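Keep in mind the model is a prediction, meaning the values are calculated, not measured.
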Amino acid sequence: MGKEGWIIGKPAILLHTSDAGDSWERIPLSAQLPGNMVYIKATGEQSAEMVTDEGAIYVTSNRGYNWKAAVQETVSATLNRTVSSGISGASYYTGTFNTVNRSPDGRYVAVSSRGNFYLTWEPGQPFWQPHNRAVARRIQNMGWRADGGLWLLVRGGGLFLSKGSGVRTLFSSSLNDAHAISYLHPPNQITEDFEEASVQSRGFGILDVGYRSKDEAWAAGGSGVLLKTTNGGKTWVRDKAADNIAANLYSVKFLGDNKGYVLGNDGVLLRYVG
C-alpha cells in the first residue's frame, strides 16, 4: 500500500518495507504462532492482516511489532469442539488450509488441505464457518468474484460459480417504496449452490482465477492454459497467445483496471496489456 509492503516465507519469516522495497526490516515472530503463515495483506499505513494455515488471523497497526488475534481459536479447535456435525470430512479435523483468498471488503474463503470442504470468515466473527463442498470432486482452489459471489475450482479440471452474486436485496413491504437495500451475505448464509461453467482448458487443470471487473476475468492453469470471460463467467474462451508458453500458470492477480499479472513456474511472469 503506497510504498509499504510485506513478505512472508518459509521457514517462518516476516519482512516489512516502508520505502518501496529499497530496504527490508525483519519482524520477529512468536515461536508459539499456530501454523505457518500463508497469507498477508497490507490494509493501511503500518497495518496488515496475516493468516496461518491453521486458521489463525492476526492484525497489526504498528508495523508488525504487536499483533491482535481476530479469531478466538484455530479451525481444528472450532471444528472438533462444536460445528463438525454435518460437515463431511470435518470431524476430528487436524488438517490445514490448502488455499486462502481475501475479498476487498475483508472476507476470507479457505479450502481444507484435503479439498473436501471449505470455510469462510468475515470481520467480527469469532470463528470460521465451515461449508460442505457442492460438487463431487475435491476442491482445488476458491476465491471471490468481483460481484461478491464465489468461484470454485476442482481437482482434475472444472470451474464452478456460486449462483447469485453474494449480494441480497431487501425491498420495503410498501409497494410504493421503490428503494432497496443491498448487502453482502454473511458467510453462514453464503450459498452452497454452484453451477459449472463451460471452459476450454484442453484437459488441463485450472489453478487460479482473477477478476479485473464484474464482467471480465481470467483463469490460468497447467501447460500454459489461459482463459478469459467478458460476461461474468457465463462463457470462457482460450487466449491462444499463451499456448506456446512452456509453464504451468499458478496465480492471477489484478491490482487495478490496467495492472494485472499471471505468475508461472520457472520464472514465467505475464503482464496484462489490455
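- Take Ser18 and apply the side chain to side chain donor-acceptor pair (under 3.5 Å) test, not counting sequence neighbours, and it matches no residue.
- The list of ring pair (Phe, Tyr, Trp, His ring centres under 6.0 Å) pairs with a residue in residues 10-46, not counting sequence neighbours, reads Trp6-His16, Tyr39-Tyr108.
- Counted by atom type alone, Ser113 and Asn98 present zero donor-acceptor pairs between their side chains at under 3.5 Å.
- Annotation: cation-pi pair Arg212/Trp218 absent, no NZ/CZ under 6.0 Å from the ring centroid and within 45° of its normal.
- A donor-acceptor contact closer than 3.5 angstrom links the side chains of Thr60 and Asn62.
- A ring-centre distance under 6.0 Å is not found for Tyr261 and Tyr272.
- At a threshold of 4.0 Å, the pair Lys163-Asp193 counts as salt-bridged, since one of the basic side-chain nitrogens sits closer than that to a carboxylate oxygen.
- Across all non-hydrogen atoms, the minimal contact from Arg102 to Thr43 is NH2-CG2, 3.9 Å.
- Remark: the backbone N or O of Val154 is not paired with any side-chain donor or acceptor of Arg137 at under 3.5 angstrom.
- Side-chain polar atoms of Asp215 and Ser213 form no donor-acceptor pair below 3.5 angstrom.
- A donor-acceptor pair shorter than 3.5 Å cannot be found between the side chains of Ser47 and Arg63.
- Of the options Asn141, Leu119, Leu150, Val100, a side-chain contact (heavy atoms from CB on, under 4.5 Å) to Val109 is made by Leu150 and by none of the others.
- A donor and an acceptor atom, one from each side chain of Glu54 and Thr96, are nowhere located under 3.5 Å apart.
- Between Asp105 and Pro123, the shortest heavy-atom contact is O-CG, 4.3 Å.
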